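The next block holds one structure in the form of structure tokens; read it before the comments.
These values consider heavy atoms only, across backbone and side chains, with no hydrogens, waters or symmetry-generated copies. Remember, it's a predicted structure, so these values are computed and weren't measured experimentally. Note on naming: letters A, B, ... go to the chains in the order of the sequence lines (proteins, then strands), and numbering restarts at 1 for each one.
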Amino acid sequence: MPRAVWSGSISFGLVSIPVKLFTAVSSKSVRFNQIDRRTGSRVRQRLVSEADGSEVERSDIAKGYAVRSGEYVLVDDSELESLDPKSEHTIDIEEFVDLADIDPVMFDKAYWLAPDPSTAKPYALLAETLAEAGRVAIARFVMRSRQQLGAIRSVDGRLVMSTMNWADELVDPSELPGFDALDGLEVSDRERALADQLVESLVAEWEPEKYEDTHRERVLALLERKAAGDDEIVTTSEGGDSGGEVVDLMAALEASVEGRRTAKGRHPSSSSDAGEEAPAERQAATKKAPAKRKAASAKKAPAKKAPAKKAPAKRKAASAKKAPARKSA
Amino acid sequence: MSSRTSVTFEGRRLSVSNLDKVLYPATGFTKGDMIDYYARVASVLTPHLAGRGVTLRRFPDGVEAGSFFEKRCPSHRPEWVDTAPGPGEGREDGIDYCVLDDAPSLVWAANLGAIELHAPLHVASDPDHPTAMVFDLDPGPGTDATHCAVVAERLAERLADDDLTGVVKTSGSKGLQLYVPLNGAPRVGLKRARPTYEHTRAYALTVGAELEAETPNEVTTTMARAARTRKVFVDWSQNHQHKTTVAVYSLRGREHPTASTPLHWDEVATLAGGTLLAFTAGEVLDRVDDLGDLFAPVLEDRQSLPDVDRSVLDR
């Protein structure tokens, strides 16, 4: 039996209605395990230190917030917990609105609100009232130490709550590329009439059962065939070649690169200051190569002089880390 | 969402995606920049990859996120990307590696986020005979590329005693690599024609051990990390059929888009004198424009390796 993900009560005026939350949607994506091809055993991920590759215990792992590249502020869980919203275990209804006024983009996840058998009556009353008024209750509650906004509505006498995105989390489409092409665009009446006609011809009753995840079906069919020992492998074709506009690679790169290149020089990298590799004139401590070594070197000297570019003489403390060089396998 | 674009490049058709994705957050270097780099460096890079099965090190979400080595050439490759068999996954018959011997193949790999290309020292058609020998100079804690350069110069001096020359490249990371071209020298006198990996490994260890004996506080041939502190590790063991070394001109998945860059011996001397050098993608392209392929001798020069006692490998 599925487990409740939250329990508490709906608080509505003077009434308190205990409920349990169950997820209303269960993902049916096919899940795979990772297997060592050589031995057939499951593989496991370990958390290792970048410094020396040794395994790190969970208890030794702290949260770090990068203030700048390579520098972190560490925080304890207890410090964050003190900031968490107090969990009151109540779903506080604040107002009732029209469902049609809420754009679907606001909805996040859906949960069934299951009643407590001992207080089924006030639950049924709220469900019926919402249904008849055609309203949705907007409520605040705290789940997993996050403040959440929920929209409660009645479906066949049962309450379902959708968590909602905060208005300031929505991406403003005017900041996305492409939409500005719509500005000032006009369509003729004739074009509109044609489009209307096309839409009319495809109008249907909404039957969600008509739509299936056909990819999942195909994956499951493949797995069934393989499990049955029929080793037929489905081959896939390169997806990118199917239709669409074809442009020259360099033109595509230009389109992507040109803006930044004019801003920063031929390549963004060429103007950047030196990395952890580049920095620093080293001090006199380094041994000078004896002059006679030049003999061996001279052999190889090509006609042109190499521009011995010197990296800027600065070494950031943060970048002077001593990560061990990784070997290619 | 991925934004795919179908493109044509040198007569091939392929799709590229997410050109604006930043792969190097420290500099803003994007996937488009990386594809541009590999497309432009292809003329000097592909000869060094021709006929060799490369291992891709892919960073799908940039250098600050995860990476993985991919030996098996992805099955969704275009049919014009060549493959070559090589060792892998414990299989007798091996697996197929990608052969990136033309510019479109390089662009295709770059579009997969394959920032790093690692290549074996042999061509797939002759896996027992390396075309070059490598001394991989790895700076231990407390040392850096300048110390590696001092060792590279000492190695060059020692190699000259055996009538051998070499070319140095940066690893693009912290160290240097000295490549000694072999290229199946014709039979001369009693010298062996085409050295095996066992031969190059034994020679590299013998020469490395000589330097170690001269300056035990500066050079080590011991793999153990503890033995490397304040020393340059002369990694002779890279001379192995199953090992790969970062390819010349390959970018590295470091903080900055640095590439493995061939150096002029004058620059090695500058390095040995204490000035660190690192070259990022744009600088490498400028160098190629000015200098051509400084690494070409690694493909062209034919040299013979003197015989050495293989028992050093048993120590």
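Around the OH atom of A:Tyr65, the shell of radius 6.0 Å holds no more than 12 heavy atoms that belong to other residues, nucleotides or ligands. The environment of A:Glu57 atom CD is sparse: at most 12 non-hydrogen atoms of other residues, nucleotides or ligands sit within 6.0 angstrom. No more than 12 heavy atoms of other residues, nucleotides or ligands shown are found within 6.0 angstrom of CZ on B:Arg230.
Using a 4.5 Å cut-off between heavy atoms, B:Val268 makes no contact with chain A at all.
Of all non-hydrogen atoms in A:Leu253 and B:Asp36, the two that sit nearest each other are CD1-CA, 3.7 Å. Across every non-hydrogen atom of B:Leu19 and A:Ala252, the tightest pair is CD1-O, 3.7 Å.
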side-chain contact (heavy atoms from CB on, under 4.5 Å) between A:Met250 and B:Val7, worked out: CA-CA 9 Å; A:Met250 285 306 169; B:Val7 296; over 6 Å; no
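In this structure, A:Asp248 has no salt bridge (charged side-chain N to carboxylate O under 4.0 Å, His left out) partners at least two apart in sequence or on a different chain.
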